[in-house]
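Keep in mind it's a predicted model, so treat the numbers as computed, not measured. The analysis underlying the following values was restricted to heavy atoms, covering all of them including side chains, and did not include hydrogens, waters or symmetry mates.
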Amino acid sequence: MPARRNKDAIGIAGERHARMMLEAHGYQFLASNWHCSAGELDLVMLDRDLLVFVEVKTRRGERAGRADDAVSPAKARRMLATAEWYFGEHPEHQDRTWRCDLVAITIDPKMGAAQANHYENAIVTG
C-alpha cells in the first residue's frame, strides 16, 4: 500500500475510533470531515447542548511525534476559522456555546492496540 493511502487509512480509522469513544460518553454525532474554504473539521458533535468541534490526530507509534502534540498554531487558527464558518452555514446552531477538542490516538505498531486521550477545550487560540 502506498504511504499516502496507508496514512489516510490510519486517519480514517482514528476518526472512527474517536467518534465511537465520544458517542459512548453520550456525545451526539452531527458531521464528519466537514469542509469549507477555511479548512476541515474532523468531527462535529453535541455534548448535551454544547457544540463540539473535534480535531482527531492519529499516530502509529511515537516516531513521528506524539499525537497529543500534533496541533500546530497554524492548524489551531484554521480550525477556529473553520468553526466560525460552520456557524455561518448552520444557523440552527448560532445560539450554542461551543468548544474545540482534541482526540489524540496512538496506535502501538506491534500490538495494534490504540490509546486515545480526549482533551476538552484543547484549541482556544492559534
- Task: Would you kindly confirm whether Phe29 and Met20 end up in one hydrophobic cluster when ILVMFWY residues are joined by side chain heavy atoms under 4.5 Å apart?
- Result: no
Could you tell me which non-hydrogen atom of [X] sits nearest to which non-hydrogen atom of [Y], and how far apart they are?
{"X": "Val124", "Y": "Asn121", "result": "CG1-O, 3.5 Å"}
{"X": "Leu41", "Y": "Ala83", "result": "CD2-N, 4.3 Å"}
{"X": "Met79", "Y": "Asp101", "result": "CE-O, 4.1 Å"}
{"X": "Asn33", "Y": "Glu40", "result": "ND2-OE2, 2.6 Å"}
{"X": "Ala18", "Y": "Val103", "result": "CB-CG1, 3.7 Å"}

- Task: Look at the aromatic rings of Phe87 and Trp98 and report parallel, tilted or perpendicular, splitting at 30° and 60°.
- Result: tilted
- Query: Can you check whether Ala38's main-chain N or O pairs, donor with acceptor, with Arg78's side chain at less than 3.5 Å?
  - Reply: no
- Task: Under the side chain to side chain donor-acceptor pair (under 3.5 Å) rule, collect the residues that match up with Asp42, sequence neighbours excluded.
- Result: none
- Item | Phe53/Thr82 under side chain to side chain contact (heavy atoms under 4.5 Å, CB included): CA gap, chis, key distance, verdict | CA-CA 9 Å; Phe53 303 107; Thr82 304; over 6 Å; no
Would you mind reporting whether [Y] and [X] have side-chain heavy atoms less than 4.5 Å apart?
{"X": "Leu30", "Y": "His93", "result": "yes"}
{"X": "Leu80", "Y": "Glu84", "result": "no"}
{"X": "Thr58", "Y": "His17", "result": "no"}
{"X": "Leu46", "Y": "Arg96", "result": "yes"}

